[in-house]
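Worksheet: the structure to be examined is printed underneath.
The sequence lines fix the lettering, A, B, ..., with proteins before strands; numbering per chain opens at 1.
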Amino acid sequence: MSTESNYYVPEESRLPVLGALALGLMALGAGLLLNDGASGILWVGTALLVAVMYIWFRTVIRENIAGMNSDQLKRSYVWGMSWFIFSEVMFFAVFFGTLFYVRTLALPWLGGEGDRSDMIHLVWPEFTAQWPLMETPSQAAGSNEFIGPDHHMSFPGWDKMFHWLPLWNTIILLTSSVTCHFAHHAMKHDDRKKFNIWLGVTVALGIIFLFLQYEEYHEAYTEMGLTLESGIYGSTFFMLTGFHGFHVTMGTFMLLIQWIRGLKGHFSSDDQFGFEASSWYWHFVDVVWAGLFLFVYVLA
Amino acid sequence: MVSRVKQLVVYALSPLLLLSFVGQLARAEDAHASGWSLLNMTEGVTGVSHDIYDLHMTVVWICVWISVVVYGVMFYSMFAHRKSRGAKASNFHESTVVELLWTIVPVLILIWVAFPSTRVLIDLYDTSEADIDIKVTGYQWKWQYEYLGEGVEFMSELTTSEAAIYNLEPKTEYYLSEVNEPLVLPIGKKVRFLLTAKDVIHAWWVPELGVKRDAVPGFINETWAKIDEPGIYRGFCAELCGKGHAFMPIVVNAVSEEEYAVWLAAKKEAAAAQREMAKQSFTFEQLMAKGEESYNRSCAGCHAANGEGIPGAFPALKGSAVALGPVAKHLDVVVNGTAGTAMQAFGGQLSEVDLAAIITYERNAWGNDVGDMVQPIDVLKFKQGQ
Amino acid sequence: MAHGPAKGIGRWLFATNHKDIGTMYLWFSFAMFLLGGAFAMIIRAELFAPGMQLIKPEFFNQMTTMHGLIMVFGAIMPSFVGLANWMVPLQIGAPDMALPRMNNLSFWILPFGFALLASTLFMEGGAPNFGWTFYAPLSTTYAPDTVNFFIFGVHIIGASSIMGSINIIATILNLRAPGMTMMKLPLFVWTWLITAFLLVAVMPVLAGAVTMMLMDINFGTSFFDAAGGGDPVLFQHIFWFFGHPEVYIIILPAFGVISEIIPTFSRKPLFGYSSMVYATSAIAFLSFIVWAHHMFTTGMPIAGELYFMYATMLIAVPTGVKVFNWITTMFRGSLTFETPMLFAIAVVILFTFGGFTGLMLAVAPADIQYHDSYFVVGHFHYVMVAGAVFSMSGAVYYWLPKWTGKMYDETMGKMQFWIAFVGFNIAFIPQHFLGLAGMPRRYADYALQFSDWNMVSSIGAFMYGAAQLMFLYNVISTIVSGKPSTEEKTWEGAQGLEWTLPSPAPFHTFSTPPNVK
Ligand code: HEA
Ligand code: HEA
Ligand code: CUA
Ligand SMILES: [Cu+2]
């Protein structure tokens with residue numbers, strides 16, 4: 001409920017409409033790229049978007065430093081960020097839902113189990129359902145439309161455990177959530193030095209995670225025959241880990257910015273929202289990974 | 001004011017009356033009975049369709065009675081509690097009792113509906129112990145019927161001419177609901193339908209049988225019907241499947257068991273004869289004539305009668321590299337289709353004679369003057385060579 | 001802060017004021033309504049008589065698809081966002097929306113998004129032609145190349161919706177005037193709070209669905225292709241997990257509007273305020289768990305079929321509570337029938353009718369016959385046109401004096417209402433008959449027994465279309481030459497903070513929050 005008598009309503013701003021233009025150009029450009037292979041407009045749009053976001057956040061930070069933001073406005077930002085994260089949760093829910101649906105319903109049906117028609121052999125005579133799906137229905141029927149992977153990413157057994165990248169990635173990401181929390185704690189006590197160190201470590205862990213993820217993809221494509229095209233296992237695997245990786249990239253970038261701000265002397269024990277918002281995002285990305293680790297890698 | 005509004009409504013309605021009158025005159029020569037009387041769901045000719053009809057009517061009447069109460073109170077207030085009649089507003093605005101009442105009563109009504117619905121649904125899903133299995137495959141834009149275990153299968157396609165559709169010819173009685181070959185079924189037997197599709201999702205709907213089920217590519221769906229009365233029952237594809245969606249009707253010919261047996265035997269003989277035909281050879285003119293006919297039926301839907309296709313969606317065959325290039329590739333595209341595109345595998349849909357004729361036609365029509373020809377035996381060899 | 005609007009085009013391009021942004025939303029959505037309506041007119045003209053007379057079947061499919069998409073995403077949703085922009089701050093005593101610059105961003109994405117979508121009409125391959133529900137694989141493997149533009153268009157339009165809703169939630173939760181407790185919020189605000197929640201929850205699901213399409217089309221994945229282990233029906237589950245809440249996103253703000261208008265012209269407080277709030281929440285909750293009632297013919301296992309039937313039927317209960325509350329509000333009131341009230345009453349009558357047909361559709365075995373027939377088309381136009389569009393028309397007449405300080409012409413308003421009401425029913429009642437008689441939807445052409453009712457339906461549609469042009473005329477002539485109406489409280493029975501403000505509402509209002517008792 002409103003308590004302040006004075007809510008900061010910004011003056012007219014050129015940023016939003018330029019941001020909309022940027023997004024419009026990006027959508028158009030992405031379409032053109034896929035249809036005609038022309039990437040020019042996509043680049044223009046992206047560059048414009050980056051510029052707009054840079055100036056926009058700079059403006060907001062300056063306004064905050066200038067003391068224009070009432071506590072009430074800050075609460076608006078808190079609500080904004082929370083609901084944004086909620087929308088991201090729903091976005092990931094789609095891909096998890098897809099994974100569950102495919103594993104528990106679609107594949108068994110295709111293999112003739114479950115309570116759909118037992119006459120499925122009229123379409124896929126040779127197919128048996130399994131997870132991870134190594135042989136696709138079309139492959140079983142002798143067509144090369146979709147070829148399953150040669151190897152999968154699931155738990156390789158205790159003996160090879162320490163060669164298993166996902167385990168390392170889990171450790172790294174969970175640790176980074178803890179270090180991120182330490183940084184927060186430090187800032188709460190105005191311990192700037194510790195803040196900088198812990199946040200620096202968090203960012204570094206994020207980068208290491210991304211590097212390992214890249215390694216894993218590289219291995220998948222070059223050695224395991226596991227690609228986007230290798231049937232539904234490849235599709236769900238790359239969709240989930242890919243979007244997660246994209247979010248880690250974003251999160252790392254956000255934390256990096258906060259780190260630079262910290263070095264520049266921004267934030268105080270009672271005003272650190274930019275950092276807090278980024279850290280929420282980071283924890284969210286971490287939780288998603290926990291789900292991924294469990295459902296994509298472990299429970300096969 | 002009120003009179004002015006009334007007058008306007010009459011004016012607004014007058015074109016309606018006029019147009020409907022003109023419309024009636026214009027269509028007077030159409031053979032088909034008037035559609036004005038088509039107001040309600042068909043009762044159909046199967047047990048399930050009757051059950052569905054009864055369920056439908058139950059819910060309709062429930063809604064009518066609720067309407068009477070709800071609208072009744074509303075119209076009463078609108079009449080009796082008008083300010084212009086001096087109504088003074090009272091101030092009540094809460095009552096837990098009525099709120100509870102109008103929560104609980106609808107719940108009870110719904111439970112009442114749920115029982116018969118559950119029963120009918122369970123019945124509708126019970127595909128066990130069928131006497132006959134028919135595999136129904138949806139294609140853009142035709143149906144294939146396969147009598148499992150009998151070795152009988154055929155395509156069923158719209159026969160209404162393009163000219164009738166584009167109003168160049170008068171429309172006949174069964175405009176858009178006539179096919180070259182109906183699905184023939186015996187009455188009094190439980191027929192199980194196994195539905196699938198080769199390209200996109202279609203839905204096989206025959207209202208009088210109380211059957212509608214999606215034909216999903218890569219999956220099999222089951223449903224069933226036991227027809228009580230002989231007759232011809234017409235239905236439509238009910239899932240948007242591309243530009244020919246309105247042009248892939250279903251016709252079911254329900255006959256007595258004896259007639260069915262006769263028909264099935266004849267069908268088997270015809271299939272054998274068809275296989276014989278594939279060994280004959282034809283002249284160029286014969287192939288071109290047959291090719292034109294078959295092309296227009298099976299291919300023109302996408303590639304257009306003039307071979308120019310639809311830019312951006314379906315390639316032109318006129319001047320196409322495949323049609324002008326080596327026969328083997330041409331055969332491959334037509335017999336096996338192109339995976340992942342709308343170009344289907346026609347090898348299993350058309351006879352060798354048709355395929356040979358169509359390919360010959362495509363290579364020599366619309367200025368494609370390759371000059372060679374393909375005999376049914378070539379197609380057969382190509383298929384066997386795979 | 002204290003100054004008025006900027007001059008020139010910059011006022012609109014760079015706006016941060018909720019009233020200006022609301023105005024832009026309203027005009028934009030009306031433009032989209034005309035465009036989507038024009039497509040509907042093409043559909044109805046082609047269906048006037050059997051045979052293809054005006055367009056080709058492939059173009060017909062594009063028209064149906066674009067009509068559905070533009071009406072839902074371009075006309076109805078933005079129109080209610082516009083209304084929220086205007087009214088939520090006024091009704092809760094806030095100086096503006098919580099995040100004014102983001103507000104502008106959410107609006108300006110829309111013109112770009114819809115320009116992109118509409119431009120596909122002029123490209124090779126044509127506009128999307130796979131229905132507004134874009135079922136795979138018709139929308140993936142078998143789609144025209146332009147589908148990529150459609151996908152990216154949906155992405156940014158979805159981003160706009162998410163930002164718009166976050167803004168509305170933050171405004172309602174954080175910017176209420178002192179004393180404005182949650183259970184004092186006007187119902188329009190309540191319904192929007194819940195709608196915004198639904199939007200934040202399901203727009204990302206839509207984004208996920210189109211992203212998977214994008215992958216299947218361009219990058220060789222097999223989400224919706226059984227050959228690789230996927231399932232086309234999976235697409236439908238995801239789409240309807242978005243799509244069913246979507247239809248309540250369309251109707252809930254409309255319910256809010258009705259809950260404002262009916263008490264005003266009954267001169268009596270809304271009956272059962274708190275039960276209205278609970279009913280709205282219940283509808284929102286149920287809307288997440290009923291989606292597969294759109295998929296009764298896909299061959300779901302029977303357990304699923306039964307569950308979705310029961311759950312769907314339950315929605316009739318909270319919706320019924322709303323209808324009963326409205327009617328009890330009118331009961332023993334002191335009723336007058338100005339144009340907004342006429343629209344509100346029409347909504348109650350016609351929406352209830354559409355709700356009844358919805359209940360019929362919910363009965364799974366019977367839906368075997370109704371599904372994908374014109375009966376469904378009849379159902380959803382009753383709830384969406386007579387529910388949402390009628391509410392919107394009523395809302396515009398209701399608040400226009402507050403927005404412009406001018407009064408619309410009551411005679412013209414009533415005339416428009418009656419033409420719309422009559423035209424609407426002539427257009428859509430026959431569609432129920434057609435569906436029951438066996439006419440499938442999305443048909444470019446039909447068998448002869450369907451001719452008569454199709455013709456009637458087309459005539460009604462033209463009449464209803466004419467009423468919309470008249471609506472446009474009424475609004476413009478009010479703005480240009482309406483009688484001044486400057487009293488704060490335009491309507492005798494009106495309650496609420498917006499009616500304590502001067503008319504037209506000044507550029508900045510509630511810079512100092514009012515105290516609500
Ligand atoms: C504003 C949008 C809106 C709203 C509010 C509704 C409301 C409802 N809808 Fe509708 N619906 C659509 C928009 C909407 N729908 C659209 C767009 C489609 C088609 C999509 C497509 O395929 O393109 C569709 C399709 C659709 C289907 C799928 C049909 C098919 O494709 O086969 C079903 C099936 O269950 C359904 C059911 C319902 C029900 C039960 C309600 C209920 O909420 C209605 C509840 C209201 C009442 C029942 C009336 C008032 C109640 C009382 C007076 C109380 C007493 C009553 C009783 C106890 C009966 N709808
Ligand atoms: C809220 C959404 C909404 C609204 C308001 C409408 C409004 C209308 N719809 Fe709607 N319709 C849908 C949502 C909506 N529709 C959806 C979701 C579908 C399903 C699509 C699908 O199957 O994929 C559908 C499908 C649909 C069909 C079925 C098409 C088919 O199955 O092939 C039909 C057919 O009659 C139809 C008719 C109409 C008509 C006559 C109106 C009228 O109410 C429109 C009235 C408005 C006007 C007419 C505007 C006035 C403008 C002019 C008169 C012209 C001015 C000209 C210029 C400015 C150039 N619609
Ligand atoms: Cu096949 Cu529609
Ligand atoms: Cu629904």
Side-chain angles (χ1 to χ4, degrees), chain B residues 5 8-9 12 16 19 23 30 32 35-36 38-41 52 55-56 59 63 73-74 77 81-83 87-90 93 99 102-103 106-107 110 117 120-121 124-125 165-167 175-177 200-201 207 212-214 216 218-219 221 236 238-240 243 245-246 311-313 340 342, chain C residues 51-52 57-58 61 124-125 131 137-138 141-142 144 226 232 267-269 271-272 275 297-299 302 313 316-317 320 324 327 330-336 356 360 363-366 368-369 372 414-415 418-419 422 433 436-438 440 442-445 447-452 455 459 463:
Chain B
V5 170
L8 266 158
V9 171
L16 170 76
L19 271 170
D30 286 346
H32 207 282
W36 296 116
L38 292 174
L39 297 172
N40 203 357
M41 181 190 284
I52 291 179
L55 209 51
H56 161 74
V59 185
C63 292
V73 175
M74 181 164 167
S77 317
H81 304 147
R82 266 177 299 163
K83 194 182 178 206
K88 290 272 173 299
S90 29
H93 56 86
E99 298 282 0
W102 63 44
T103 308
V107 171
L110 293 174
S117 308
V120 177
L121 196 71
L124 199 149
Y125 259 72
I165 294 171
Y166 285 93
N167 306 311
Y175 175 71
L176 293 192
S177 40
V200 300
I201 305 176
K212 182 188 288 136
R213 186 108 320 189
D214 290 2
V216 182
F219 285 83
N221 271 337
F236 298 99
E239 182 62 64
L240 178 59
K243 75 190 181 64
H245 172 48
Chain C
M52 300 302 303
E58 54 269 27
N61 290 350
E124 193 170 275
L138 187 63
T141 317
Y142 296 85
R267 292 167 183 74
K268 189 164 159 272
F271 186 83
S275 69
T297 63
T298 52
I302 187 163
M313 283 164 56
V317 177
F324 299 137
I327 288 174
M330 288 165 66
F331 189 71
R332 303 220 354 243
S334 169
L335 276 66
T336 51
F356 286 148
M360 294 168 70
V363 177
I368 299 296
Q369 293 284 29
D372 264 339
K414 285 193 170 139
M415 232 153 68
W418 282 109
I419 298 176
V422 173
F433 303 153
L436 293 174
R442 295 161 168 170
Y443 260 32
D445 196 5
L448 298 180
Q449 69 268 30
F450 306 127
S451 311
D452 297 318
M455 189 182 57
I459 292 165
M463 192 168 152

Problem - Residue selection (most heavy-atom pairs with chain C, distance under 4.5 Å) from B/V59, B/V216, B/L121, B/V73 - result: B/L121

Practice task
Just jot down the side chain to side chain contact (heavy atoms under 4.5 Å, CB included) partners of C/P440, sequence neighbours excluded, or say none.
Solution key: B/W205, B/F236, C/Y443

Handout entry: Flag, side chain of B/N40 to backbone of C/L436, donor-acceptor distance under 3.5 Å
Key = no

Fill in the blank from the handout: Residue set satisfying salt bridge (Lys or Arg N to Asp or Glu O under 4.0 Å) with C/R267, at least two apart, ordered chain then number -> C/E492

Handout entry: Spacing of NZ belonging to B/K83 relative to CG belonging to C/L335, to within rounding of 0.5 Å
Key = 11.0 Å

Exercise for the section: Would you give the length of the straight line joining atom CZ of C/F324 to atom OG1 of B/T103, rounded to the nearest 0.5 angstrom? Expected result: 9.0 Å

Completion exercise
Closest heavy-atom pair, C/P232 versus B/I201, reported as atoms and distance to 0.1 Å, is CB-CD1, 4.1 Å

Fill in the blank from the handout: Scored by heavy-atom pairs under 4.5 Å with chain C, the best of B/H81, B/K88, B/E99 is B/H81

Completion exercise
To the nearest 0.5 Å, atom OH of B/Y175 lies from atom OG of C/S451 at 9.5 Å

Practice task
Could you tell me whether the side chain of B/S90 and the main chain of C/R332 form a donor-acceptor pair under 3.5 Å?
Solution key: yes

Handout entry: Among B/A87, B/C63, B/S177, residue most engaged with chain C (heavy-atom pairs, under 4.5 Å)
Key = B/C63

Exercise for the section: Provide the closest heavy-atom pair for B/L38 versus C/F433 in the form atom of the first, atom of the second, distance. Expected result: O-CB, 3.6 Å

Handout entry: Smallest separation among heavy atoms of C/P365 and B/S117, with atom names
Key = CG-O, 3.5 Å

Handout entry: Value rounded to 0.5 Å, distance of CE in B/M74 from CE in C/M330
Key = 4.5 Å

Problem - Distance, nearest 0.5 Å, that separates NE2 of B/H245 from CG of C/L138 - result: 10.0 Å

Handout entry: Interface residue of largest heavy-atom contact number with chain B, from C/G51, C/G125, C/A226, under 4.5 Å
Key = C/G51

Handout entry: C/T298 backbone acceptor or donor facing B/N221 side chain under 3.5 Å
Key = yes

Fill in the blank from the handout: Residues B/I165 and C/D445: closest non-hydrogen pair is CG2-OD2, 3.9 Å

Problem - Most chain B-contacting option - heavy-atom pairs closer than 4.5 Å, from C/A364, C/A444, C/P137 - result: C/P137

Problem - Heavy-atom pair count under 4.5 Å with chain C, highest-scoring of B/L110, B/L55, B/V107 - result: B/L110

Problem - chain B contact via C/F356 - which portion, at a heavy-atom distance below 4.5 Å - result: both

Handout entry: Options C/P269, C/A447, C/A366, ranked by heavy-atom pairs under 4.5 Å with chain B, top entry
Key = C/P269

Fill in the blank from the handout: When every non-hydrogen atom of B/Y125 is compared with those of C/G299, the smallest separation belongs to OH-C, 4.2 Å

Handout entry: Flag, side chain of B/K212 to backbone of C/Q369, donor-acceptor distance under 3.5 Å
Key = yes

Exercise for the section: Select one option (side chain, backbone, both, neither) describing which atoms of C/N61 are under 4.5 Å from chain B's heavy atoms. Expected result: side chain

Problem - Straight-line distance of B/H56 NE2 to C/M360 CE, nearest 0.5 Å - result: 4.5 Å

Practice task
Could you pull out the closest heavy-atom pair between B/P106 and C/V317, with the gap in Å?
Solution key: CB-CG2, 4.2 Å

Problem - For chain B, the option from C/I368, C/T336, C/T141 that forms the most heavy-atom pairs under 4.5 Å - result: C/I368

